[in-house]
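Keep in mind that this is a model prediction, so the values were computed, not measured. Every chain is numbered from 1 and lettered A, B, ... according to where its sequence line falls, protein lines coming before strand lines.
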Amino acid sequence: MSQKVELTTFDARLFDGVSSRARQIVVDRDQQGNLTLHFEGSEPQIVLLRDYITIRPVGHSPIVLRMESGPEIHIAADKRSRAAFGLGVSKLTRVIEAIENRPLPVVAVVVSAMCVGIASYIYGLPMLAKAAAPRIPLAIKKEIGSQGLSFLDRVMFMPTQLSVEQQRRPQVLTDRLQEVVKLYPEPVAITRRMGHGDGEAANAMALLPYTIVATYKLVSSLNDAELEAVLAHEMGHLSLDHSTQSLVRGSAVSVATLVLFGGDPGVFQALAINLVDSKNSRDHEREADRFALDALVRRGSSPMALHAALKKISEGHEEAGLNAYLSSHPMTEDRLQAIEEFSRQAASPSR
Amino acid sequence: MQDSQTPPPIPPDNVPHDLDDRVRHSFRFTGSALEYFSIWIVNTALTVLTLGLYSPWAKVRRERYLMSHTELAGSQFEYTANPWRIFKGRLLLFGIFIFVAVTRVVPVLWLFILFPLVALVWPWILASALRFRARYTSYRNLSFHFIGSPTEAFTHCVLPKGITVLTMWLMAPWAQCVAKRYAVNNLQYGATSFKSPVTVRQMYGAYVGGVVLFAVGSAIALSGTSIIGLDAVMNSRRVSLSGNVPLLLTAGLIASIGFGLIGCARGYIRLASARSVWNGASLGSYSVSWNPSMRRYLAIEVVNIVMKAVTLGLATPWCVIRIRRFLLEDLELIGPRNIDEFVGQKRAEVRSLGDQAAEAYDLDVDFGF
Ligand SMILES: [Zn+2]
């Protein structure tokens, strides 16, 4: 043999695959890919490296040479053994390993993952919600709505103390609006009492898929035009299916946290969904306002009624800074301005 | 080619086999938090980038790291699962999850048609999850095996759980005992079966301590979450709310303390029951000794929860390593000096029908947990 055969020698452990016995051996690897296994007290064996799968170490685990239904050879991983055996694995593994072992790629991957995460959060989630909301069957929306109402009845609402005539006012006004907006299913307006004394709330809310709840204080403190404007706003929420969209977003966030972190994320998830949703709900308020203004104009009512109603509702509620970001109705000033703008344009002869 | 694929005959060794020479083989965990952090962060990032599709590959890397840094008598454990198999299994489990989430909304449909259907499929998935995990965990080139059947999974896990619900959780310790026996006594290393000494009485003991912690914790957590929940409901239903940040944060803090105690309760039950399942378990002529301190365990768990919260989850790898090191440092296998009595042969590949099912059932038999 003219060519010089270079040997690389490693201490190794061999497991035969039929018993749990460990054999301390010495492995010689030559350039041709032959392995010579030296056992203590018996003849050496020559095997071919290509008959073995080389399992790359993860962390500082050993290099494993594995033969299907055969023995396994474990060799401590160091620079020398990596160089001698670190071949024959998929590109993906090598790329991932390269990323894991250097700080810069780690940072790059984390940053890009954050970008993707944030982007799918800001743009993907609302798009998903808008696309999925109309596809959810009405039966399911009805079930959610009625369960939601009975939950709120249990924890938050009290029976209204309005006269029968006052109680019917929201429904009468809603029916009048329905003549122009023609929602399906037809909205049902009910009244409930919420909060006591100074904390009593003058407000309205839209429940899936056709219920509008107006509070006692709202009905008793607004005149017909103002109440109509608020109801038109709530019909906007119904028409644009905002509640379903919030629901889809919440579920998507839950599924995502489940996939990413497994188990029960608990409080943090609740907080995340809550924080997240406030930005979207501000968009929803703008959309619902816009819907209400159009509806009012078509009914021949003054859009400024919504302005007056908003002012009355927000009285005593001061919002600033972080509070404004967290609350779902923080935009009173902006919303008032938008309404003024709209009614100026509606009143101007050019339009 | 065929010739070279047959394994070479391994020459016999001449080590004396003295069965009376019993020693304590200690488990060692050699992983480091820093090393694991880089694996974990890349896993998490790639999972986000691929919108979750990478998660089976992430799982294999994580398990490979944790197993191959677990050492007994100089040899490391190995995790040899193929991510594609896990991927297919997860698709199935995800389908069931979506199905359940959607149909839950319509109670009548759920109760009378779909719930029984899921209950029938579930044991099958559960048994397969245990089989999958065992089959692809190996030590010294011998893999573990799980020989429990889906029928047994039904009679030992699903049925007892149903009875537990019907008896207002009074039978929960008994159900857990039966399920753990199913998970452990059907587990084999090579061709040798584990045998757990766990008794129903021990399980009741484990649960009593947990229930006390749980009662206190849930009272606190409930008061915290109901504030947050109400706030969320009011926000999404468009009720004007003050958007009170201090209130929200205080509620979050209260809830966190409550969840911490609930976590402690769960931790208490987990460790106490795992201890009674594994301490004194036998495997051939070996026996398992495992008696980690409850106080240190709960302290580590609490610190872990706090660290995860403070670092927004970034401390997770550190927590994983810490708890694993603690749990393994006390684990011992007592028996003959040379661990060479176990035999077995390579068995057929198995399918994964949702690898997470066993985790969901708290039946992971990974060294006591
Ligand atoms: Zn609104």
A:Arg21/B:Glu341 salt bridge by N-O under 4.0 Å criterion: no
Heavy-atom pair count under 4.5 Å with chain A, highest-scoring of B:Thr316, B:Asn43, B:Val42, B:Ile41: B:Val42
A:His74 side chain vs B:Ser75 backbone, donor-acceptor pair below 3.5 Å: no
Distance (rounded to the nearest 0.5 Å) between A:His60 NE2 and B:Ser32 OG: 6.5 Å
Heavy-atom proximity to chain A below 4.5 Å, by part of B:Ala73: backbone
Whether A:Ser20 side chain and B:Ile339 backbone form a donor-acceptor pair below 3.5 Å: yes
Region of A:Pro57 that comes under 4.5 Å of a non-hydrogen atom in chain B: backbone
Side-chain touch A:Val58/B:Ile39, heavy atoms, less than 4.5 angstrom: yes
Other residues, nucleotides, ligands: >12 heavy atoms within 6.0 Å of B:Leu53 CG: yes
Residues that B:Glu35 engages under salt bridge (charged side-chain N to carboxylate O under 4.0 Å, His left out), provided they are two or more places apart: none
OG on A:Ser61 to CD on B:Glu78, rounded to 0.5 Å: 8.5 Å
Approximate separation, where rounding is to 0.5 Å, of A:Asp16 CG and B:Leu142 CG: 7.5 Å
Donor-acceptor pair, side chain of A:Arg13 and main chain of B:Arg140, under 3.5 angstrom: no
Heavy-atom contact with chain A under 4.5 Å, split by part of B:Tyr189: side chain
Contacting region of A:Val111 [heavy-atom separation from chain B under 4.5 Å]: neither
